[in-house]
2 protein chains.
Amino acid sequence: MVVDQHRVRTDRVFHALADPTRRDIVRRALGGEHSVSALARAYPMSVAAVQKHVSVLERAGLVTKIRSGREQLVRGNVKALVEARRALDRLEEVWRSRIERIGEILAEEEGSSR
Amino acid sequence: MVVDQHRVRTDRVFHALADPTRRDIVRRALGGEHSVSALARAYPMSVAAVQKHVSVLERAGLVTKIRSGREQLVRGNVKALVEARRALDRLEEVWRSRIERIGEILAEEEGSSR
DNA sequence: ATAATCTACAACCAAATGGTTGTAGATCAA
DNA sequence: TTGATCTACAACCATTTGGTTGTAGATTAT
């Protein structure tokens, strides 16, 4: 299905963001490029662990790696972030239109009772 | 820590949203109240499984259960959704201010080279 | 040339996740 | 009253997750 692709991507983005270390990596990577080992020095875990986090972020499209000599620079990708926000907005829209519906019904009742 | 609470809540919200069934439950619950078993009929899984999903959403604050006789009505909670969006916005802001910084530097160079 | 650094990746492990079935209590309908 | 429905929750299971250590190749620095 076509819808599935989007669904899986949404799954990945939200899952990637559901971890404080990964959110922090995204934050740093959006502010500028950082090598994997430079990132690793910021957290109380092994380089391999951070590598895995970066890999999760990469598969979610939140981050891109760019080779530069022996190091791999991680750069944040704002587009994936915007996509995630739009998914939230679509949910919110459901709520908003329900409220509007209720408002209309109330308005009608007001009208017919006077 | 104070920060921890917010971090954990953010973790929970994003984790809760990282599943298509749960996003769909939130969608329905934002549109109106549904009992757990009514929700369960919409998915190819057991009632117990849906109960667990609802429970995850509830702990994330995305949904509230309201007893009504023998059934438990699930209602979407837009506030948690807004919180999640704000977390995304804060990330995006990091990117935005970097771009601005770059813009300023470019503008300066333009100025000094003419 | 050698040593240090950065990355990749495999193997392993404990805990969490997402599902199942089964049991039991409450509420509602016949 | 009896039977059906709705919910809660425990026990179980396979898979995924998030960490570890260890090994090895590439690149850079001395």
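Letters go in sequence order (proteins before strands), and every chain restarts at 1.
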Open item on the list: If we check side chain to side chain contact (heavy atoms under 4.5 Å, CB included) with Leu39(B), which of these qualifies: Val47(B), Val50(B), Asp24(B), Thr21(B)?
Closed with: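 Considering Val47(B), Val50(B), Asp24(B), Thr21(B), a side chain to side chain contact (heavy atoms under 4.5 Å, CB included) with Leu39(B) is found only for Val50(B).
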
TODO: Let me know, please, whether Pro44(B) or Val36(A) comes out on the 5' side of the other along DNA chain C by nearest nucleotide.
DONE: Val36(A)

Open item on the list: Whether the Ser97(A) and Arg101(A) side chains hold a donor-acceptor pair (N or O, under 3.5 Å, no angle test) is what I'd like checked.
Closed with: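 Their side chains do not contain a donor-acceptor pair, so the 3.5 Å distance test is not met.
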
Task: Under 3.5 Å side-chain donor-acceptor pair for His53(A) and Arg22(A) - done: yes

Whole angstroms only, please: what is the [atom1]-[atom2] distance between [X] and [N]?
{"X": "Glu71(B)", "N": "dT5(D)", "atom1": "CD", "atom2": "P", "value": "13 Å"}
{"X": "Glu33(A)", "N": "dT7(C)", "atom1": "CD", "atom2": "C1'", "value": "17 Å"}
{"X": "Phe14(B)", "N": "dT17(D)", "atom1": "CZ", "atom2": "C1'", "value": "19 Å"}
{"X": "Lys52(B)", "N": "dT20(C)", "atom1": "NZ", "atom2": "P", "value": "9 Å"}
{"X": "Glu58(B)", "N": "dC9(D)", "atom1": "CD", "atom2": "P", "value": "10 Å"}
{"X": "His53(B)", "N": "dT17(C)", "atom1": "NE2", "atom2": "P", "value": "12 Å"}
{"X": "Asp19(B)", "N": "dT15(D)", "atom1": "CG", "atom2": "P", "value": "18 Å"}
{"X": "Ile66(B)", "N": "dT27(C)", "atom1": "CD1", "atom2": "C1'", "value": "18 Å"}

TODO: Describe the nucleic acid contact of Thr21(B) in one word from base, sugar-phosphate, nothing, applying a heavy-atom distance below 4.0 Å.
DONE: nothing

Task: Sugar-phosphate only, base, or nothing, as touched by Ser46(A) at under 4.0 Å among non-hydrogen atoms - done: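 Ser46(A): base contact, heavy atoms under 4.0 Å.
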
Task: hbond_proxy Arg70(B) side chain to dT5(D) base (donor-acceptor, 3.5 Å cutoff) - done: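 Looking at the base of dT5(D), it does pair with a donor or acceptor on the side chain of Arg70(B) (distance under 3.5 Å).
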
Does [N] have OP1 or OP2 sitting under 4.0 Å from an N or O in the side chain of [X]?
{"X": "Arg41(B)", "N": "dC6(D)", "answer": "yes"}
{"X": "Gln72(B)", "N": "dA8(D)", "answer": "yes"}
{"X": "Arg67(B)", "N": "dT27(C)", "answer": "no"}
{"X": "Gln51(B)", "N": "dA8(D)", "answer": "yes"}

Task: Residue closer to the 5' end of DNA chain D, Gly69(A) versus His15(A) (nearest nucleotide) - done: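 Going by which nucleotide is closer to the 5' end, it is His15(A).
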
Task: Between CD on residue Glu93(A) and CG on residue Leu30(B), distance to nearest 0.5 Å - done: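 One gets 11.0 Å once the value is rounded to the nearest 0.5 Å.
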
Open item on the list: Between Arg7(A) and Asp4(A), does any NZ, NE, NH1 or NH2 come within less than 4.0 Å of an OD or OE carboxylate oxygen?
Closed with: yes

Task: Candidates dG19(C), dA8(C), dT7(C) - which lies nearest the side chain of Lys65(A) - done: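 The answer is dA8(C), which lies nearest to the side chain.
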
